[in-house]
Amino acid sequence: MNLNTDTLDRLAEHLESCELQARDTPKITDEHPRMDWEDAYAIQDRILARKQARGARVIGYKAGLTSHAKMKQMGVETPVFGFLVDSFSVAEGASVKTAELIHPKVEPEIAFVLKRSLQGPGCHIGAVLAATDFVLPGIEVIDSRYRDFKFDLKSVVADNTSAARFVVGGRPLRPDAVDLRTVGIVLEKNGVPVALGAGAAVLGHPAAAIAMLANHLGQRGQEIPAGSVILSGGVTEAVAVAAGDHVCLRVQDMGSVSLHFD
Ligand code: 0L1
Ligand code: MG
């Protein structure tokens, strides 16, 4: 690690304030170019600790930058991981207040809910499918705290991978009832299809993203607990949304899930 405890605390406080006040900031590596991966995840951990101190509960995790489209959009080559707390969760069909966000975008995702915990190292797609209770459609609302979504990967990790809100819904399926590689998705904005794809866009198989998350957490002495909801990553590029927009994600054989922005 290259940053001291005071700096990590200060950066966590700064990024979380930006999140809570819907205020943007230049990327933090501008001032701290020596920040390394451990520092970045340590800042993310501190943001989580601040939320937990105010009563937040971790309900799951997310993998980000897992599709080639998204990696290309962001000019990066490695997935990143973040946490989901209860306050990020939005009810199916509910309204998201855009005034609480900076510049929201939506991502169509396949969500996993675990019936058994998963622990790396050595976690693989088979272990993920065996531990999965069901999969279902999910829309992630990302909202980078960085000005104009201009960042590098370490700054993104520190910022909890732009996590802001998410909704899951539709028709849950057991993982053996669907081929997650060929399952088709359509994301509609205001009734118009704006992004299409298939599950294999996520690392060849969305369960691969969950295995990578388990292996990442395993390196840090943590596991994915049973009951967690995990967003496996955007199947397509993220789509910008604004007040008045209605977004609906349709996933083959899994129904649809929607959100309104006001
Ligand atoms: O969930 C994601 O793929 C987002 C990762 C962070 C990068 C971004 O804000 O687009
Ligand atoms: Mg995402």
Side-chain angles (χ1 to χ4, degrees), residues 15-16 18-19 22-29 35 37 40-41 43-44 47-48 59-85 88-90 96 98 101-113 135-169 180 185 187 194-195 197 199 201-210 212-213 216 224 228-241 247 249 251 257 259:
L15 286 174
E16 207 213 3
C18 287
E19 176 201 332
R23 178 163 63 76
D24 68 8
T25 176
K27 66 181 191 304
I28 57 177
T29 46
M35 187 176 100
W37 290 106
Y41 277 105
I43 294 166
Q44 187 191 114
I47 292 175
L48 174 58
I59 56 173
Y61 295 90
K62 60 166 282 188
L65 307 178
T66 50
S67 77
H68 292 302
K70 189 73 203 201
M71 288 183 195
K72 192 165 160 224
Q73 185 180 33
M74 293 298 143
V76 298
E77 286 169 10
T78 332
V80 290
F81 305 102
F83 63 80
L84 300 174
V85 286
F88 296 174
S89 170
V90 177
V96 172
T98 45
L101 301 170
I102 304 161
H103 41 200
K105 295 183 183 180
V106 291
E107 297 187 325
E109 308 218 6
I110 307 288
F112 288 64
V113 175
V135 291
L136 75 175
I139 299 173
E140 181 179 21
V141 182
I142 55 168
D143 192 36
S144 174
R145 270 50 73 168
Y146 298 119
R147 195 153 301 153
D148 303 323
F149 272 85
K150 291 215 173 81
F151 44 57
D152 53 31
L153 223 44
K154 288 174 193 143
S155 296
V156 167
V157 164
D159 184 32
N160 192 26
T161 65
S162 312
R165 303 283 185 275
F166 73 95
V167 61
V168 293
L180 288 170
I185 69 105
L187 181 70
V194 287
V202 176
L203 296 172
H205 192 302
I210 315 302
M212 284 183 82
L213 168 68
H216 160 79
I224 314 178
S228 298
V229 59
I230 308 143
L231 298 174
S232 57
V235 175
T236 69
E237 304 186 328
V239 173
V241 286
V247 171
L249 171 64
V251 181
V257 64
L259 274 183

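All values reported here derive from a predicted model rather than from experimental measurement. Counting starts at 1 for both ligands and their atoms, following the listed order.
Side-chain atoms of M35 and I43, non-hydrogen and from C-beta on, do get closer than 4.5 Å to each other. Counting heavy atoms from C-beta on, the side chains of F166 and V106 never come closer than 4.5 Å. Residues F83 and I47 meet the side-chain proximity criterion, which asks for heavy atoms closer than 4.5 Å. Counting heavy atoms from C-beta outward, Y61 and I224 have side chains that approach closer than 4.5 Å. F151 places none of its side-chain heavy atoms less than 4.5 Å from the side chain of R145. Here the side chains of F81 and M212 are in contact, with some heavy-atom distance below 4.5 Å.
We find the CG-OG distance between L203 and S67 to be 8.5 Å, quoted to the nearest 0.5 Å. Annotation: the span from S155 atom OG to K150 atom NZ amounts to 14.0 Å, rounded to 0.5 Å.
Remark: of the listed residues D152, L15, D24, L15 is the sole one forming a side-chain contact (heavy atoms from CB on, under 4.5 Å) with Y146.
If you look at the Mg ion (ligand 2), the protein N, O or S atoms less than 2.8 Å from it are E107 OE1, E109 OE2, E140 OE1.
Residues lining ligand 1 at a heavy-atom distance below 4.0 Å are given as K62, G64, L65, K70, M74, E107, E140, I142, F149, F151, V156, T161, S162, ordered by chain and residue number.
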